[in-house]
Amino acid sequence: MNNKSKEMPFWDHLEELRWRLIKSIIVIILCGGVTYKFTDTIMYWLIYPTESLSIDLNLQVLKVTSMFTAKLGVALFGGIIFGLPVIMYQLWRFISPAFEDEHGFAVFISIVFSALFFILGMLFAYYIIIPF
């Protein structure tokens with residue numbers, strides 16, 4: 001445990017976790033709101049690789065609320081993806097007092113490479129797997 005961190009009782013840990021979760025949820029809602037404004041453009045780019053298929057793909061909405069639900073899902077996942085740096089920071093700030101100071105750089109490198117590989121995986125799926 002860090003020398004500069006103080007011992008906290010159980011309820012203080014829960015209070016700290018609660019505020020970290022509230023901040024993360026607020027970021028997801030804000031990023032989701034911004035993403036919701038651009039859902040039509042995002043959905044177009046998500047559907048675009050299917051235009052190269054040899055079959056005629058016709059997307060349909062079968063319920064009255066299906067398009068709203070689809071847009072809400074795109075906004076929610078967009079909010080999570082765009083808010084991921086803040087979410088990861090909040091997670092790190094919650095668990096960092098349990099680690100020694102020399103582990104901070106290793107965790108930072110892990111987060112950077114995790115984000116990089118996540119983006120590379122999305123690009124691989126979008127440009128290679130979906131058109132295939």
Side-chain angles (χ1 to χ4, degrees):
M1 176 133 346
N2 285 340
N3 293 333
K4 59 186 172 185
S5 66
K6 61 183 176 86
E7 294 290 324
M8 292 174 57
F10 177 73
W11 293 111
D12 288 344
H13 281 289
L14 285 180
E15 181 73 17
E16 178 76 15
L17 177 63
R18 181 176 71 120
W19 282 108
R20 299 288 176 193
L21 289 174
I22 287 172
K23 290 174 186 176
S24 298
I25 290 170
I26 288 172
V27 167
I28 291 172
I29 290 171
L30 291 175
C31 292
V34 172
T35 306
Y36 187 77
K37 181 167 175 46
F38 300 104
T39 51
D40 293 329
T41 307
I42 293 170
M43 289 177 73
Y44 170 76
W45 285 107
L46 289 174
I47 296 170
Y48 181 74
T50 61
E51 291 179 358
S52 64
L53 296 174
S54 59
I55 61 171
D56 184 29
L57 184 65
N58 188 9
L59 299 176
Q60 298 177 1
V61 177
L62 301 176
K63 295 180 185 175
V64 175
T65 59
S66 292
M67 185 51 74
F68 176 71
T69 305
K71 286 184 175 186
L72 206 57
V74 168
L76 176 65
F77 282 107
I80 291 171
I81 289 170
F82 290 125
L84 203 56
V86 175
I87 296 168
M88 295 301 289
Y89 174 75
Q90 293 298 326
L91 176 69
W92 173 245
R93 292 292 296 171
F94 179 71
I95 65 171
S96 66
F99 292 106
E100 299 292 330
D101 287 334
E102 69 253 9
H103 292 54
F105 183 71
V107 172
F108 174 73
I109 294 297
S110 299
I111 289 173
V112 168
F113 277 109
S114 297
L116 177 69
F117 288 138
F118 177 73
I119 292 169
L120 287 175
M122 287 192 320
L123 292 174
F124 177 76
Y126 185 77
Y127 288 112
I128 306 296
I129 300 298
I130 292 176
F132 179 67

* Determine the minimum heavy-atom distance between Leu72 and Tyr36, stating which atoms define it. => N-CE1, 4.4 Å

* To do: Would you list the pairs meeting ring-ring contact (aromatic ring centres under 6.0 Å, His included) in which at least one residue belongs to residues 9-28, sequence neighbours left out?
  => none

* Structure fact -> Sequence neighbours excluded, the answer for salt bridge (Lys or Arg N to Asp or Glu O under 4.0 Å) partners of Lys71 is Asp40

* Under a 4.5 Å side-chain heavy-atom rule over Ile, Leu, Val, Met, Phe, Trp and Tyr, are Ile29 and Ile22 clustered together? -> no

* Asked: Is there a side chain to side chain contact (heavy atoms under 4.5 Å, CB included) between Phe82 and Val34 once you walk through the steps?
  -> CA-CA 10 Å; Phe82 290 125; Val34 172; over 6 Å; no

* Do Tyr44 and Met67 sit in the same hydrophobic cluster, where Ile, Leu, Val, Met, Phe, Trp and Tyr count as joined when their side-chain heavy atoms come under 4.5 Å apart? -> no

* **Pair listing, salt bridge (charged side-chain N to carboxylate O under 4.0 Å, His left out) test, anchored in residues 105-130, at least two apart** => none

* Leu21 and Leu84: same hydrophobic cluster, using ILVMFWY side-chain contacts below 4.5 Å? -> yes

* To do: Would you check if the distance from the ring center of Trp45 to the ring center of Tyr48 is below 6.0 Å?
  => yes

* Asked: In terms of heavy-atom contacts, does CZ of Phe94 have more than 12 from other residues, nucleotides or ligands at under 6.0 Å?
  -> yes

* Asked: Is there a chain of hydrophobic side chains (I, L, V, M, F, W, Y, each step under 4.5 Å between heavy atoms) that links Met43 to Phe38?
  -> yes

* Asked: Nearest heavy-atom pair of Cys31 and Thr35: which atoms, and what distance?
  -> O-OG1, 2.7 Å

* Would Thr69 and Lys63 count as a side chain to side chain contact (heavy atoms under 4.5 Å, CB included) if you check the C-alpha gap in whole Å, the side-chain angles of each, and the deciding distance to 0.1 Å? -> CA-CA 10 Å; Thr69 305; Lys63 295 180 185 175; over 6 Å; no

* **Leu76 side chain reached by Ile28 side chain, heavy atoms, under 4.5 Å** => yes

* Structure fact -> Here the gap from Asp12 atom CG to Glu15 atom CD, rounded to the nearest 0.5 Å, amounts to 7.5 Å

* Among the clusters formed by ILVMFWY side chains lying less than 4.5 Å apart, do Ile119 and Tyr126 turn up in the same one? -> yes

* Once you round to the nearest 0.5 Å, how far does CD1 of Ile25 lie from CD of Gln90? -> 11.5 Å

* What's the spacing between Leu116 CG and Ile109 CD1 if we round to 0.5 Å? -> 11.0 Å

* For Ile87 and Leu91, what are the C-alpha separation, side-chain angles and deciding distance, and is it a side chain to side chain contact (heavy atoms under 4.5 Å, CB included)? -> CA-CA 6 Å; Ile87 296 168; Leu91 176 69; 5.6 Å; no

